[in-house]
Amino acid sequence: MKYKFILVFIAIFSVVINTQAQSESDSIPIRKNAIRFNIVPPLAGFNTLEISYERMISPKVSVVAGIGGNWTGNKSDFVLNSDADLSFLNRDIKNRYFIAEVRRFINFCDCNPPSGFYAGGFARYNVLDISTDVQFGSNSTNLETKLDMNFRSINFGILLGYQINYKNWVVDFDFGGVGYAPNWIEFESSSTLSSDELALISDVISQNFGFAGNYKDIELNSSNVKFNFWAWTFRYGASIGYRF
């Protein structure tokens with residue numbers, strides 16, 4: 001509900017200023033560059049920051065490069081969930097991602113720079129490193145072990161959005177990034193785990209990395225495992241930036 005309120009508010013604001021921006025477009029100098037910040041994560045209370053750079057390479061085509069991630073590792077947005085009696089202590093979670101896009105504007109006005117709907121393609125590389133002390137059971141005398149999980153994905157997909165310009169400012173809505181991604185996970189434990197403990201960790205990995213539909217039962221038979229899978233992804237955002 002919180003996301004919807006934020007996006008609806010920005011959408012109403014953008015429609016108002018877009019009307020004026022179209023009427024003033026002839027008097028605006030050509031500005032081929034833009035720096036933008038994704039405002040959805042901070043407004044939603046997340047610890048993620050994303051910045052991107054856009055360059056117009058033709059009147060209707062642009063390329064975008066972006067980088068994002070969390071700035072407080074042990075208070076990351078990513079929270080490990082489990083139905084089992086597990087405790088994740090001293091968490092250190094680092095999430096970083098890199099984005100590249102090509103956009104083609106579908107203009108209904110002769111705007112400079114282009115405003116309106118756009119379509120395109122994107123590639124995103126994501127790196128997620130989790131280090132935590134795992135306690136099996138609520139009793140403090142139970143085994144505690146260091147658990148490291150390294151997650152990597154390369155996502156390719158299509159992109160739909162809407163962009164408006166007002167003088168030097170730009171508002172960008174990225175509301176349709178759908179892709180299919182190969183993912184890799186490396187799991188390592190500092191101590192040898194029993195079959196029951198491995199089963200619990202397997203369940204945690206399945207729940208948190210969202211590939212239970214790909215593998216109904218993941219069998220971990222050691223304390224150092226590497227495996228890969230494919231999964232659908234979806235991305236969205238609302239950015240405010242400055243053209244120059």
Side-chain angles (χ1 to χ4, degrees), residues 3-4 6-7 10-11 14-15 18 21-22 25 30-42 44 46 48-70 77-78 95-128 151-165 169-185 209-211 213-214 228-244:
Y3 296 112
K4 293 181 180 178
I6 294 171
L7 294 178
I10 297 174
S14 68
V15 170
N18 188 43
Q22 291 185 13
S25 61
I30 297 177
R31 298 182 175 92
K32 295 184 177 182
N33 307 288
I35 296 291
R36 298 194 303 264
F37 294 91
N38 189 348
I39 63 174
V40 171
F46 293 155
T48 302
L49 177 67
E50 179 184 313
I51 182 174
S52 61
Y53 166 73
E54 181 180 23
R55 170 74 178 181
M56 302 300 304
I57 59 175
S58 80
K60 292 183 181 291
V61 178
S62 71
V63 292
V64 178
I67 185 172
N70 65 298
D77 309 326
F78 191 93
N95 182 28
R96 298 157 324 265
Y97 57 90
F98 308 89
I99 300 172
E101 301 175 2
V102 176
R103 299 178 172 187
R104 173 64 164 85
F105 286 85
I106 309 169
N107 288 29
F108 296 101
C109 69
D110 192 14
C111 302
N112 171 36
S115 295
F117 290 98
Y118 60 83
F122 73 90
R124 169 171 167 154
Y125 177 63
N126 196 81
V127 177
L128 177 63
F151 173 88
R152 305 288 185 270
S153 68
I154 302 177
N155 186 11
F156 301 94
I158 60 174
L159 183 69
L160 297 174
Y162 187 83
Q163 186 177 113
I164 62 172
N165 298 279
W169 299 96
V170 57
V171 180
D172 183 79
F173 298 96
D174 170 8
F175 53 76
V178 180
Y180 196 54
N183 301 264
W184 297 267
I185 291 181
F209 290 96
F211 55 91
N214 301 66
N228 64 285
F229 62 96
W230 287 75
W232 289 99
T233 62
F234 180 78
R235 52 175 288 229
Y236 63 91
S239 302
I240 294 179
Y242 185 82
R243 285 201 174 277
F244 57 96

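Here, residue 1 is the first one in the sequence, and each next residue gets the next number.
- Under a 4.0 Å N-O distance rule, the pair Glu101/Arg235 qualifies as a salt bridge.
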(request) Mind running side chain to side chain donor-acceptor pair (under 3.5 Å) on Ser153 and Asn126 for me, showing each step along the way? (result) CA-CA 5 Å; Ser153 68; Asn126 196 81; 4.7 Å; no
(request) Would you please test Arg36 and Asp174 for salt bridge (Lys or Arg N to Asp or Glu O under 4.0 Å) and show each step? (result) CA-CA 12 Å; Arg36 298 194 303 264; Asp174 170 8; over 6 Å; no
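- When all heavy atoms of Ile67 and Phe98 are compared, the closest pair comes out as CD1-CE2, 3.4 Å.
- Within the 4.5 Å cutoff, the side chain of Tyr125 has no heavy atoms near those of the Arg96 side chain.
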(message) Set out, in order, the CA-CA distance, both residues' side-chain angles and the distance that settles side-chain contact (heavy atoms from CB on, under 4.5 Å) for Arg152 and Val127, then state yes or no.
(response) CA-CA 5 Å; Arg152 305 288 185 270; Val127 177; 3.2 Å; yes
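- The two residues Pro182 and Ile154 come nearest to each other via the heavy atoms CD-O, 2.7 Å.
- A distance below 6.0 Å separates the ring centres of Tyr118 and Phe105.
- At least one side-chain heavy atom of Phe175 sits less than 4.5 Å from a side-chain heavy atom of Leu160.
- Pairing each heavy atom of Arg104 with each of Val61, the nearest pair is CD-CG2, 3.7 Å.
- Two residues are said to be in side-chain contact when any heavy atoms from C-beta on lie closer than 4.5 Å; Val64 and Phe122 fail this criterion.
- A 4.5 Å side-chain heavy-atom check between Ile99 and Glu50 finds at least one atom pair inside the cut-off.
- Nearest heavy atoms, Tyr97 versus Thr48: OH-CG2, 3.8 Å.
- By the 4.5 Å heavy-atom criterion applied to side chains, Phe151 and Trp184 are not counted as neighbours.
- Closest non-hydrogen pair, Asn70 versus Asn95, comes out as OD1-N, 2.6 Å.
- Closest heavy-atom contact between Pro42 and Asn38: CD-O, 3.6 Å.
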